[in-house]
Amino acid sequence: MRLGDGQVKAAAGPRPPYDAAAFLAAIIESSDDAIVSKSLSGVITTWNRGAERIFGYTADEVIGQPVTIIIPNDRLDEEPAILSRIQAGERVDHFETVRRCKDGKLIDISLTISPIRDASGEIVGASKIARDISERRRAAEHRELLLREMHHRVKNLFAIIGSIITLAARTAATPGDLASSTMDRLMALARAHEITLPSLTEQSVVDPPATLFQLLSNILAPYGRDDSRQWSLHGDDVEVGRAKITNLALLLHELATNSAKYGALSVDGGAVEITTAISPDTIEMVWLETNGPTQRDPIPASSGFGSILEQRIARSLNIEIERLWTPAGLSIRLSLPRLAIM
């Protein structure tokens with residue numbers, strides 16, 4: 001629809017007058033940020049709804065009160081320094097600090113503080129715009145902690161990988177043997193660490209609890225026939241400390257690898273049954289293989305890479321390992337101090 005001449009003139013005419021001061025006051029009152037004014041002596045003179053929402057005080061509760069009502073005791077020295085800069089006509093931009101709410105909670109805020117001048121240009125007070133940056137600060141701390149955690153884990157993994165390669169090189173007959181044994185162990189480590197990585201979306205870094213059964217399930221996951229597992233877990237589960245999970249994963253991987261090469265996991269119908277019993281000080285774990293290859297005589301102690309690695313890990317975690325051939329098959333009993341995996 002086109003406007004007529006009269007309508008055009010009406011639209012192009014002067015806008016109706018409005019109260020600029022009231023309009024500005026409405027903007028301040030509707031702001032999500034805390035907008036506060038104070039005298040040069042530090043007494044609060046105005047307090048908007050954003051300040052009520054952030055700090056918990058109503059305007060009636062704080063107007064006429066010193067602004068130190070929201071400043072923690074250990075930051076009271078900030079106020080004289082701020083007032084000194086304001087009296088000198090300076091503006092304070094994006095000053096990050098901590099303030100105290102009515103309920104005592106401390107929050108991180110970003111302050112912008114400007115001098116207030118009267119009609120003659122004399123500085124008579126200060127205006128403060130405060131923005132709650134607690135969530136942003138927590139997110140930044142979360143990212144920093146994740147980066148430190150990543151650095152720590154990568155550094156440890158490189159050290160472990162170096163040890164694995166060094167040991168494997170001493171016993172490998174060919175480059176292919178070295179590559180194969182090293183890759184298998186690295187994949188076992190990868191599966192173990194998948195269950196301990198903290199979430200990148202959480203606002204706090206709390207590692208998900210990793211348990212012994214989770215670790216065993218990840219290590220044994222590749223072993224099965226026709227979508228059916230060749231292994232089962234029974235007994236009590238227990239959490240595994242993040243610092244101990246790498247060595248424990250390597251040890252369990254050696255047991256699984258030996259079974260896949262020579263024992264129950266190497267044949268159709270073979271099975272591994274793992275049972276745990278937990279006391280206040282000790283974790284007893286029995287690894288029982290059934291329906292595996294017939295073995296009439298105990299397997300002689302090996303000096304290969306896997307055996308050396310197993311012995312080193314057992315010593316480092318103070319684990320006792322006992323192997324026994326039963327009518328059902330190979331039985332391996334591990335006695336672990338609880339502190340070894342906590």
Side-chain angles (χ1 to χ4, degrees), residues 20-151 198 200-206:
F23 192 68
L24 182 59
I27 293 174
I28 293 173
E29 194 63 14
S30 63
S31 173
D32 286 336
D33 294 335
I35 303 178
V36 179
S37 65
K38 64 181 179 181
S39 68
L40 292 179
S41 60
V43 174
I44 298 170
T45 53
T46 63
W47 187 266
N48 76 336
R49 289 181 181 175
E52 291 184 358
R53 180 182 60 81
I54 291 175
F55 296 109
Y57 291 100
T58 65
D60 291 338
E61 290 177 303
V62 294
I63 290 177
Q65 297 291 327
V67 74
T68 51
I69 193 173
I70 61 170
I71 301 179
N73 292 337
D74 62 345
R75 293 181 179 262
L76 289 175
D77 59 339
E78 293 177 357
E79 184 61 13
I82 290 172
L83 286 174
S84 176
R85 294 180 62 179
I86 292 299
Q87 289 171 340
E90 295 182 33
R91 173 186 169 93
V92 180
D93 280 322
H94 305 299
F95 172 58
E96 294 191 0
T97 184
V98 175
R99 290 296 180 258
R100 183 177 56 225
C101 299
K102 181 179 179 179
D103 61 5
K105 180 179 67 174
L106 299 178
I107 60 172
D108 296 297
I109 65 169
S110 174
L111 281 176
T112 297
I113 311 164
S114 305
I116 298 175
R117 300 178 185 270
D118 62 13
S120 65
E122 183 180 351
I123 297 173
V124 295
S127 68
K128 291 187 174 185
I129 301 177
R131 175 166 295 178
D132 185 353
I133 60 170
S134 298
E135 185 174 344
R136 189 183 79 189
R137 179 66 60 82
R138 285 193 295 270
E141 291 174 349
H142 177 68
R143 288 193 298 270
E144 183 180 351
L145 190 55
L146 280 175
L147 287 173
R148 291 204 305 267
E149 174 72 9
M150 184 186 303
H151 174 76
L200 294 175
T201 59
E202 296 173 358
Q203 291 304 309
S204 60
V205 181
V206 178

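Index from 1, following the sequence.
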Between [Y] and [X], do the side chains contain a donor N or O and an acceptor N or O under 3.5 Å apart?
X: Ser127; Y: Ser37; result: no
X: Glu61; Y: Thr58; result: yes
X: Ser110; Y: Arg131; result: no
X: Ser120; Y: Asp118; result: yes
X: Arg99; Y: Thr97; result: yes

Taking the side chain as everything from C-beta on, heavy atoms only, tell me whether [X] gets closer than 4.5 Å to [Y].
X: Cys101; Y: Ile70; value: no
X: Ile113; Y: Ile86; value: yes
X: Ile116; Y: Lys38; value: no
X: Phe55; Y: Val62; value: no

Can you measure from [atom1] ([X]) to [atom2] ([Y]) and round to the nearest 0.5 angstrom?
X: Lys102; Y: Ile54; atom1: NZ; atom2: CD1; value: 16.0 Å
X: Leu40; Y: Ile123; atom1: CG; atom2: CD1; value: 7.5 Å
X: Asp108; Y: Ile133; atom1: CG; atom2: CD1; value: 5.5 Å
X: Ile109; Y: His94; atom1: CD1; atom2: NE2; value: 13.5 Å
X: Ile82; Y: Leu111; atom1: CD1; atom2: CG; value: 6.0 Å
X: Ser41; Y: Leu83; atom1: OG; atom2: CG; value: 8.0 Å

Tell me, yes or no, whether the heavy-atom count around Arg49 atom CZ, taken from other residues, nucleotides or ligands under 6.0 Å, exceeds 12.
no

Counting only N and O atoms by type, is there a donor-acceptor contact under 3.5 Å from the side chain of Asn48 to the main-chain atoms of Ile35?
yes

Does Ile27 offer a backbone N or O that forms a donor-acceptor pair with the side chain of Ser30 under 3.5 Å?
yes

Please name the pair of heavy atoms, one in [X] and one in [Y], separated by the smallest distance, quoted to 0.1 Å.
X: Gly89; Y: Arg117; answer: CA-NH2, 4.0 Å
X: Pro66; Y: Ile44; answer: O-CD1, 4.2 Å
X: Arg100; Y: Ile71; answer: NH2-O, 3.4 Å
X: Val98; Y: Leu106; answer: CG1-CB, 3.8 Å

Which residues share a side-chain contact (heavy atoms from CB on, under 4.5 Å) with Ala59, sequence neighbours left out:
Trp47, Glu52, Ile63

With the threshold set at 4.0 Å, does a side-chain nitrogen-carboxylate oxygen contact exist between [X] and [Y]?
X: Lys128; Y: Glu79; value: yes
X: Arg136; Y: Glu96; value: yes
X: Glu78; Y: Arg75; value: yes

